[in-house]
Amino acid sequence: MSTMTMAKALNAGLRRALADDPKVLLAGEDIGRLGGVFRITEGLQAEFGEDRVIDSPLGEAGIVGTAVGLALRGFRPVVEIQFDGFVYPAFDQIVSQVSRMRFRSHGRLGVPMVVRIPYGGGIGAIEHHSESPEAYFAHTPGLKVVTPSNPLDAYWMIQQAVADDDPVIFFEPKRRYHEKGEVDVEAEPLPLYSARVVTPGTDATLLTYGPMVRTCVQAAVAAAEEGRSLEVVDLRSLSPLDDEAVFASVRRTGRAVVVHEAVGTLGLGAELAARIQQECFYELQAPVLRVTGYDLPYPPSRVEDGYLPDLDRVLDAVDRSLAH
Amino acid sequence: MTEPAGTTATDPGDVPVQLLAPDGRRVDHPDFAFTGTDAEIAAHLRDMVLTRRIDTEATALQRKGELGLWPPLLGQEAAQIGSARATRDPDLVVPSYREHGVAWCLGVDPIDLLGTFRGTDMVDWPSRPDGFHLYSFVIGTQTLHGVGMAMALQREHRVGNDDAAANGAVVVYFGDGATSQGDVNEAFVFAASANAPVVFFCQNNQYAISEPTSLQSRIPLYRRAAGFGFPGVRVDGNDVLAVQAVTTWALERARRGGGPVLVEAFTYRMGAHTTSDDPSKYRTRDEEGEWGARDPIARVKAYLLSVGAIDQAWLDDLAAESEALAERLRAGCLALPEPLLADQWSNVYATTPDRLVRQREEYLAYEASFAEEAR
Ligand SMILES: Cc1ncc(C[n+]2csc(CCOP(=O)(O)OP(=O)(O)O)c2C)c(N)n1
Ligand SMILES: [Mg+2]
């Protein structure tokens, strides 16, 4: 057991993935010599060589498209997209090729690729550096989409994603990169596509993931001071969703509030609300509510605190849910 | 079998066009000449010095926490001033994100630039002229927009007129790293196909963050143009006279209807990629020192002093002007208006859909509920 940041945990997880399987390769802009702009791959090129940790030319379609070819020849590429807003040049490759190679080939060809994407806001960045594009990918059959919220999950989930025979879009909440947590490298990890109850509670369920998990846990602590018991569920996997864990929690509490940074319209909250009302209709005490980014392009960073869900907005939604 | 031509063999064009040597001597070139006066060169020096001052002040403001980020142009002053001063109405200028010197020449108030990096604004600025497009941060994307603007100039009958003053062209800026993007390669294809009046101005500052240009290309970048069917020229990007001469030639050719040109300004990013970057991780002090000796400002100063076009008093005045500008920037940065989240709903669509109008109202009501609680 040791204490480390999420950035270090990802680095350790990637190191172990490289050491465990000679077919694992890393590629991306500035990931080798520099160790990535967030230093997630620091030291890995020195340790595993330029053949396995590749500084790619500056082209996202090229990074992902060549990783398809490598994957088809039995390699396991883990590619880094430098920031959320720069994945779109690779969108065609991901949506039209990566996601459906298995389907197009009668199941004979898989693309065991991981696309790592630092995502989300809250870091005072200029435009294209604070986006939450997870819904585009979760909307695409054939892709799996996961996101850790803490160092322990980051350490294990990256290795599990690499080991998966299907393509995994791996969203890393960049504003949590430097928060520390306990990482037990011996413990048996949770299965990758399962949610986790991080705070048990009885009055309402907060369904969330990635950077917002911490915000929701803080909201639960604040609510507890007022005698309200909130359950916080860290979804961890956005596609597939761990339906049973979600339904079980909502059936217990009768109320659900979904919290994410991404814009609300057609986001994960919309999908969760639809599934919950179908499966838990008679157990619901209130409509499923959403606390999300507003339906705007990400605004200038000086107003991002108001744009992003925070503790107050979460508690406000909880109040509205409980008032029903 | 020998290597096919055009792969590894060197070419006379690999030697950048130079008209002013690093020691301040003017040198001749068979194809290009700078025809301006010493007074114009002194004006370039002023532009370069003031631009550098803007840049160092912005970096200092970032260090003090007043800006979130700053991408310095340090070392690229000649490439930017020389090319920008080759433009004139009705040319259109399309920058990337490091073109603070170009912005300066086109009349953008540098305080406006700071708003983007302070997080108070997006990338449109009150002082931005129509002919200067927004900064773009997605690498390479703007090259396609530039080609489209050039296609518009063709359809507006602003190309190839007998009245040369009525003709215009586009100059679009991008980096060495950007040349690997699909968008940039498609821009080359589309420009050639349309014979569009566009000058692709690539500042090869030797790095894309940590990646050296050699990782993007095995041949000098200017030579890429040949494969797309238009000329490429490599110019000493630290020589403001050569940059202006080459860009003027390329723009005039484009305005006449001669089609696209790729200009590779061979220069050096003397500073970090941005204030978040640490170049010591990927390049040596020796290399930085070598390029330091080719500083774009030093050679202009040396030349003008050697011919007596300026003197110490002139330089002292410029230094005073620089300091005044820096002070104006500091004060202006702190005085930049704070944005309001409530305003952000206004410009998503030409007409804001009802749902967004309601969302904004809900937001305002939510905000107001705090004010009530506080009372
Ligand atoms: C599509 C895209 N991918 C990645 C990035 C991140 N990024 C910002 S600047 C940069 C390097 C650009 O290098 P170059 O084109 O040489 O321009 P320079 O910064 O040297 O002026 C990268 C990779 C981006 N902005 N856009
Ligand atoms: Mg560059």
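From a predicted model like this one, the values you see are computed outputs, not experimental measurements. Throughout, a chain's letter reflects where its sequence line sits, starting with A, and its residues are numbered from 1.
Judged purely by atom type and a 3.5 angstrom limit, B:Y366 uses its side chain to pair as donor or acceptor with the backbone of A:R313. At distances below 3.5 Å, not a single donor-acceptor pair connects side-chain atoms of B:E211 with backbone N or O atoms of A:E29.
Taking all atoms of both residues into account, the shortest heavy-atom contact from A:L58 to B:Q216 is N-OE1, 3.0 Å. Scanning both residues, B:M122 and A:Y298, for their nearest heavy atoms gives CE-O, 4.3 Å. Scanning all heavy atoms of the two residues, the minimum distance from A:D30 to B:I209 falls at OD1-CB, 3.3 Å. A pairwise comparison of heavy atoms in B:W345 and A:Y294 identifies CZ2-CG, 3.4 Å as the closest pair. A pairwise comparison of heavy atoms in B:G119 and A:P300 identifies O-CB, 3.2 Å as the closest pair.
Proximity to chain B (any heavy atom under 4.5 Å) is shown, for A:Y307, by both the backbone and the side chain. Neither the backbone nor the side chain of A:E304 comes within less than 4.5 Å of any heavy atom of chain B. Contacts of A:S56 with chain B are made by backbone atoms alone, with heavy-atom separations under 4.5 Å and no side-chain atom involved. With a threshold of 4.5 angstrom between heavy atoms, A:D295 approaches chain B through its backbone and through its side chain. Interface remark: A:D312 contributes backbone and side-chain atoms alike to the contact with chain B (heavy atom separation under 4.5 Å). Contacts of B:V184 with chain A are absent, with no heavy-atom separation under 4.5 Å from either backbone or side chain. With a 4.5 Å cut-off on non-hydrogen atoms, B:E338 touches chain A through its side chain but not through its backbone. The contact between B:L341 and chain A is made by backbone and side chain atoms together, counting heavy-atom distances below 4.5 Å. Heavy atoms of B:V138 lying under 4.5 Å from chain A belong to its backbone as well as its side chain. Contact annotation for B:L215: both backbone and side-chain heavy atoms come within less than 4.5 Å of a heavy atom of chain A.
At most 12 heavy atoms of other shown residues, nucleotides or ligands fall within 6.0 angstrom of atom CG in A:D51. More than 12 heavy atoms of other residues, nucleotides or ligands lie within 6.0 Å of CZ in B:F228, so this atom counts as buried by the packing criterion. Within a 6.0 Å sphere centred on CD of A:E50, heavy atoms belonging to other residues, nucleotides or ligands number 12 at most. Heavy atoms of other residues, nucleotides or ligands lying less than 6.0 angstrom from CG of A:L266 number 12 at most. The 12-atom threshold is not exceeded at NE2 of A:H139, counting heavy atoms of other residues, nucleotides or ligands nearer than 6.0 Å. Surrounding CZ of A:F38 are more than 12 heavy atoms belonging to other residues, nucleotides or ligands, all under 6.0 Å away.
A:V37 places none of its side-chain heavy atoms less than 4.5 Å from the side chain of B:H273. Proximity of B:R355 to A:T265: side-chain heavy atoms (C-beta onward) are separated by under 4.5 Å at one or more points. Counting heavy atoms from C-beta outward, A:R302 and B:R118 have side chains that approach closer than 4.5 Å.
To the nearest 0.5 Å, atom CG of residue A:L296 and atom CG of residue B:L356 are 6.5 Å apart. If you take OG on B:S136 and CD on A:E127, they are separated by 8.0 Å, rounding to the nearest 0.5 Å.
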